[in-house]
Undergrad: 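Please read through the structure below; I'll follow up with questions.
From a predicted model like this one, the values you see are computed outputs, not experimental measurements. Both ligands and their constituent atoms are indexed starting at 1 by order of listing.
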Amino acid sequence: MTDAVDMRVSIGALELKNPVLTASGTFGYGLEYDDFFDVAVLGGICTKGLSLEPRHGNAPARITETSGGMLNAIGLANVGVEAFCTDKLPKLRERGVTVVPNIFATSVEDFVSLAERLDGEEGVAALELNVSCPNVDHGGLEFGCDPVAAARVTAAVRAATRLPVWVKMSPEAGDLAGVARACESEGADALTAINTIRGLAIDIHSHRGKIANRTGGLSGPALKPIALRMVWELSRAVKIPIIGIGGVSTWQDAVEYLLAGASAVQVGTASFVDPRAAKHILDGLASYCSQRGTTPEQLTGAMI
Ligand SMILES: Cc1cc2nc3c(=O)[nH]c(=O)nc-3n(C[C@H](O)[C@H](O)[C@H](O)COP(=O)(O)O)c2cc1C
């Protein structure tokens, strides 16, 4: 009887059919997972981070498994915004997928150009600003760790588009609440939290880093308690909705994030373990809500 549950959630003015999305960089451009399930049933998909020009990313090895998670230093390899708009978006639109492009740039001007390019495209539900990538030399953490810089990017993108603007928080920001409030006051519609935390893994035989970049972003279950705590703190610092990310692998994880104050969650690394993870999490959450006679919206912030 799970279809009786109203799974819709509001992220500001945007209504999503349910609170389970996929996280940027872990679900390609969405249709790669079409053989496994109908990705249009999800609340949305956040694309791999898009830049103005295509990028090859960092040299391999770019990922390695760690206890409780993985490290990645992909370096934002992507097809570029133009190819996304012409090759990927029309298929997603046709299939009724809720698409949230994740965008990345090394300057405020380029963030604006990306937002302007995507603004005119039918089928884009919101933009997610990646100001928190730990794996590139310029334009990643510089924006996301400094309230003034984060505010500048948010304000410029806000002025350049009518689309809802989501800003992705870095766990490495010393003053996370300050960054969050700066983004909120410049018109961000929602915060997504969190991106990966820098980690290191060393091969004891070669004495080299296990990934070529040496450090990489830690994701997966190891991140969850930290991310959950940050979502909880953010929910007290701002009034705009928060979308929780970090180690969401089961529907129980999703429930925890909602209770901590998230309005929705994104599933990342779990899709590498099970390509149907997001669908399983959605089904499990619906059945939990049905059994308890509640809705995801009622669970948000309900931790006692
Ligand atoms: C291989 C890989 C690539 C990623 N690429 C991006 C990206 O392009 N943009 C972004 O904002 N986050 C990126 N992320 C971060 C994820 O979206 C997410 O914030 C992080 O992995 C934590 O969630 P998880 O523990 O569920 O994986 C990437 C993560 C992984 C593992």
Undergrad: Any chance CZ of Arg93 has more than 12 other-residue heavy atoms, nucleotides or ligands included, within less than 6.0 Å?
TA: yes

Undergrad: Within the 4.0 Å heavy-atom shell around Lys48, which atoms of ligand 1 are there?
TA: 3 (C), 4 (C), 5 (N), 6 (C), 7 (C), 8 (O)

Undergrad: What pairs with Trp232 under ring pair (Phe, Tyr, Trp, His ring centres under 6.0 Å), at least two apart in sequence or on another chain?
TA: none

Undergrad: Please identify which atoms of ligand 1 are closer than 4.0 Å to at least one heavy atom of Leu223.
TA: 22 (C)

Undergrad: Relative to ligand 1, is Glu128 under 4.0 angstrom through side chain, backbone, both or neither, heavy atoms considered?
TA: neither

Undergrad: Compute the shortest N/O to N/O distance between Ile63 and ligand 1 and return yes if it is under 3.5 Å, no if not.
TA: no

Undergrad: Hey, does the side chain of Glu15 reach the backbone of Arg8 with a donor-acceptor pair shorter than 3.5 angstrom?
TA: no

Undergrad: Can you spot which of Val39, Ile245, Leu42 makes a side-chain contact (heavy atoms from CB on, under 4.5 Å) with Thr22?
TA: Leu42

Undergrad: Does Gly75 offer a backbone N or O that forms a donor-acceptor pair with the side chain of Arg55 under 3.5 Å?
TA: yes

Undergrad: Is it true that a side-chain atom of Glu172 and a backbone atom of Cys145 form a donor plus acceptor pair closer than 3.5 Å?
TA: no

Undergrad: Please list the nearest protein heavy atom to atom 3 (C) of ligand 1 with its residue and the distance rounded to 0.1 Å.
TA: Gly25 O, 3.4 Å

Undergrad: On the 0 to 90° scale, with breaks at 30° and 60°, tag the Tyr288-Trp251 ring pair as parallel, tilted or perpendicular.
TA: tilted

Undergrad: Would you say Ile194 contacts ligand 1, with heavy atoms under 4.0 Å as the rule?
TA: yes

Undergrad: If we only count N/O pairs under 3.5 Å, is Gln266 in contact with ligand 1?
TA: no

Undergrad: Short list, please: which atoms of ligand 1 are under 4.0 Å from a heavy atom of Asn195?
TA: 10 (C), 11 (O), 12 (N), 15 (C), 19 (O)

Undergrad: Side chain to side chain contact (heavy atoms under 4.5 Å, CB included) for Leu129 and Phe143? Distances and angles first, verdict last.
TA: CA-CA 10 Å; Leu129 312 188; Phe143 288 123; over 6 Å; no

Undergrad: Can an N or O of Ile74 be found at a distance shorter than 3.5 Å from an N or O of ligand 1?
TA: no

Undergrad: What protein heavy atom sits nearest atom 21 (O) of ligand 1, and how far away is it?
TA: Ser219 CB, 3.3 Å

Undergrad: Run the salt bridge (charged side-chain N to carboxylate O under 4.0 Å, His left out) test on Arg158 and Glu186 for me, step by step, so that the C-alpha distance in whole Å, both residues' side-chain angles and the decisive distance to 0.1 Å come before the verdict.
TA: CA-CA 8 Å; Arg158 176 68 288 153; Glu186 293 302 336; over 6 Å; no

Undergrad: Hey, is ligand 1 close enough to Ser24 that some N/O pair sits below 3.5 Å?
TA: yes

Undergrad: Nearest non-hydrogen contact with atom 26 (O) of ligand 1 belongs to which option: Ser170, Gly268, Ala277?
TA: Gly268

Undergrad: Is it the case that the side chain of Thr86 and the backbone of Glu82 share a donor-acceptor pair, with hydrogens and angles ignored and the cut-off at 3.5 Å?
TA: yes

Undergrad: Does Leu89 share a hydrophobic cluster with Trp166, counting links as ILVMFWY side-chain heavy atoms below 4.5 Å and allowing steps through other members?
TA: no

Undergrad: Answer yes or no: does an N/O atom from Ala270 fall short of 3.5 Å to an N/O atom of ligand 1?
TA: no

Undergrad: If we ignore hydrogens and angles and just use 3.5 Å, is the side chain of Asn130 paired with the main-chain N or O of Gly49 as donor and acceptor?
TA: no

Undergrad: Return yes or no for this condition: an N or O of Thr26 is under 3.5 Å from an N or O of ligand 1.
TA: no

Undergrad: Relative to the heavy atoms of Leu76, which atoms of ligand 1 are at a distance of less than 4.0 Å?
TA: 7 (C), 8 (O)

Undergrad: For ligand 1, which atoms have a heavy atom of Ala23 less than 4.0 angstrom away?
TA: 17 (O)

Undergrad: Of the protein's non-hydrogen atoms, which lies at the shortest distance from atom 12 (N) of ligand 1, and what is that distance?
TA: Lys168 NZ, 3.0 Å

Undergrad: Cluster partners of Ile202, using ILVMFWY side-chain heavy atoms under 4.5 angstrom, listed by chain and number?
TA: Leu200

Undergrad: Considering only heavy atoms, which of Ile245, Asn130, Asn72, Leu218 lies nearest to atom 31 (C) of ligand 1?
TA: Asn72

Undergrad: How does Asn102 reach ligand 1, if at all, at less than 4.0 Å between non-hydrogen atoms: by side chain, backbone, both, or neither?
TA: side chain

Undergrad: List every atom of ligand 1 that sits less than 4.0 Å from any heavy atom of Thr196, numbering the atoms from 1 in the order shown and giving each element.
TA: 20 (C), 21 (O)

Undergrad: Among all the protein's non-hydrogen atoms, which is closest to atom 24 (P) of ligand 1, and how far away is it?
TA: Gly247 N, 3.5 Å

